[in-house]
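This is the structure I want to talk about, given as C-alpha cells.
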There are 2 protein chains.
Amino acid sequence: MTAIAKPQARRRAAKVVRRRQLIDAAIESIAKRGLGDTTLAHVSQAAGLSQGIVNLHFASKENLLNETLKHLRAEYEQNWRAALEKAPDDDLASQLSALLRSDYMSTVANKKKLSVWFAFWGEAKSRPTYKKISQERMTDYTEILETLLERLINEGGYSEINTPSMTQGITAMADGLWLNILISASGFKRSDAEKVMMQYLRATFPKHKDAFY
Amino acid sequence: MTAIAKPQARRRAAKVVRRRQLIDAAIESIAKRGLGDTTLAHVSQAAGLSQGIVNLHFASKENLLNETLKHLRAEYEQNWRAALEKAPDDDLASQLSALLRSDYMSTVANKKKLSVWFAFWGEAKSRPTYKKISQERMTDYTEILETLLERLINEGGYSEINTPSMTQGITAMADGLWLNILISASGFKRSDAEKVMMQYLRATFPKHKDAFY
DNA sequence: ATAAAATGAATGAATACTTATTCAGTAATT
DNA sequence: AATTACTGAATAAGTATTCATTCATTTTAT
C-alpha cells in the first residue's frame, strides 16, 4: 500500500490558524494603541505567545501589517458579496439597499475595525502598499454599485442623474459615515449611519422608496 | 533722537514664529513618513534647527502633535468662515455652495494636509485628545450647515427632507471625498470632489440648482 | 505496538539599533 | 553684563530581529 499524503496534520497549531490569530492580535493592538505604538511585544502578548512568534510566521513586522490590511480588505469584500447574494434576484432596489446596508453590519463597521482602517489610511500617503490595498478595497465594489445604479436609473426613468458622479458620492458618504461612527461624541451608531444613507436613497429614488426603509 | 521701542524684535525668532515653523515641519514629516515614523530628529531637521528644539518650544513630542492638530483645526475653521463671509448675504443657496466648496480649496484639501488629518483620525480611538479636537472641528460647521439647510428647505418648500439626517449625510460625503482625494489611484482631484458634491446639491435642491454650478 | 529518531513549532534571552528627553555650554540680543 | 534662544552630545528607555535551545508531534524501525 502506497503512503498517501497525510491531510496536513500540523504540530501545535496549523500555520493558517496561527497567522490568523496573530492578525487578530494585531488588529486588537492597533485599535487599542494605534498603529504607531503597536509593538511586536504587544502583538505576541495579546496572542498569548512568545516574543519571536511574529517573525517566525510573518518574517517581519512590516509583513504582518500588510497581511493585516489584506485580511481586512478580504473580510470587507466577503461581507458585501454575501449580503448581495441574499438579496432577491429580481429586485434592483433591494439589491442596492442590501449592498449599502452591508457597510454598517457589525462584522465590518465596529469601532475596532474602523479604527484600524483609518490607521492604515493615515499612512497611505507614505506607504504605497497600504494605498494599493485600500484602492483594491473599492474597485469591485464601485463597479457593481455603478451597474446597479445605472440599471435602477433606467428602470425608474431618473433621467437627471449622472451615474459615475453619483457612485462617487455614495461611496464617499459611506466612508464618511464610518468616520462619524469612529469620531462622533454623541454615540452615533451603525444604525444611525444606515438611516442617513437610506434617507438619501429614498430622496434620490422616490419611486423605489419602499426598498429603503 | 530717542530710540523708539522696536516692534517686537525677538532673539533669533519670535516664539510664535518658531512654534509655527515647527508645526509646519511636523505636518511635512507626518505627510511624508506617517505619524508613527515621524521622529523629533525629522521635525527639527525639516525646520533646519537642532535636535532639542521641539522640547524647548513644546516641552514634549506629544504636545507638539496635539498643537499640530489644533492648528489644522483652526486653519480649517478660518477657511470656511472666510468663504462664507464672501458669499452674498441675501442668497442662501450661494452661501451653502460657498460653505461646501470651501472644503475643497487648496489650503485645506491638498494631499499633505489630508494625509495628516487621516493620520490623526487613525489614532483617535486610542488618544482622547485627538478624538476631541477632531470632534471640535465639526461642531460649529455642522450647526451652521444645518441652519442653512433648514432655511433653504423652507424657502424652496422641499418638504420631504429630514434636515438633521441630511446634515449628517453631507458632512459624511464631504469627508469621504477627502478620502477619495487621498487614496484614489486615477487622479481624483479637488475639483472632482467639488463636482460630485455640487451635483448632489443640484439633485436635492432643483429649484436652486443655478447656485450649484 | 513501542521506542527511537526526525521534524518543525515555539520560546525568550541577547543584539543592534532607534529615539525622546535632558542639560551643560554657546552665542545672539538687549 | 544679563538674559535667553538655541545647540548637540549624552542618556535612558524601548524595540525589531536573531538564533540556540526546548518541546510537542509525527514518522520510522523494530
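Below, chains carry the letters A, B, ... as their sequence lines are ordered, and counting in each starts from 1. Computed from a predicted model, the values in this text were never measured in an experiment.
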Looking at C/dA10, D/dA5, D/dG8, which one has an atom nearest to any side-chain atom of B/K15?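 Looking only at heavy atoms from C-beta outward on B/K15, the closest nucleotide is D/dA5.
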
Just how far, in rounded Å, is P of C/dT11 from CD of A/Q45?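 Going from CD in A/Q45 over to P in C/dT11 covers 12 Å.
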
Does any N or O in the side chain of B/Q95 come within less than 3.5 Å of the main-chain N or O of B/D89, such that one atom is a donor and the other an acceptor?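 Yes; judged by distance alone, with no hydrogens or angles, the pair exists.
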
Determine whether a donor-acceptor pair (N or O, by modelled atom type, separation under 3.5 Å) exists between the side chain of B/R190 and the backbone of B/Y104.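 Yes, because the side chain of B/R190 sits within donor-acceptor range (under 3.5 Å) of the backbone of B/Y104.
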
Under 3.5 Å, is there a donor-acceptor pair between the B/H71 and B/T68 side chains?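 Side chains of B/H71 and B/T68: no pair found under 3.5 Å.
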
Please step through side-chain contact (heavy atoms from CB on, under 4.5 Å) for the pair B/D140 and B/R81, ending with a clear verdict. CA-CA 10 Å; B/D140 286 10; B/R81 283 198 194 278; 2.9 Å; yes

Calculate the interatomic distance between B/I53 atom CD1 and D/dT4 atom C1'; express it in whole Å.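 In whole Å, D/dT4 C1' and B/I53 CD1 are 12 Å from each other.
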
Can you pull every protein N or O that's under 3.5 Å from an N or O on nucleotides 13-17 of chain D?
unit_1	atom_1	unit_2	atom_2	d
D/dA16	OP1	A/K61	NZ	2.8
D/dA16	OP2	A/L40	N	3.0
D/dT17	OP2	A/N55	OD1	3.4
D/dT17	OP2	A/K61	N	2.9

Could you walk me through whether B/R18 and B/Q21 pass the side chain to side chain donor-acceptor pair (under 3.5 Å) test, one step at a time? CA-CA 5 Å; B/R18 244 331 76 106; B/Q21 182 187 359; 2.9 Å; yes

Reckon B/L56 touches a base, only the sugar-phosphate, or nothing at all at heavy-atom distances under 4.0 Å?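 Counting heavy atoms under 4.0 Å across all strands, the contact made by B/L56 includes a base.
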
Run the side-chain contact (heavy atoms from CB on, under 4.5 Å) test on B/M166 and B/T204 for me, step by step, so that the C-alpha distance in whole Å, both residues' side-chain angles and the decisive distance to 0.1 Å come before the verdict. CA-CA 10 Å; B/M166 190 184 187; B/T204 312; 3.0 Å; yes

Whole angstrom is fine here: how far is it from CZ in A/R19 over to P in C/dA10?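 Taking atom P of C/dA10 as the reference, CZ of A/R19 is at 13 Å.
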
Between A/H57 (NE2) and C/dA9 (P), how many Å, whole number?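 Atom-to-atom, A/H57 to C/dA9, this comes out as 7 Å.
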
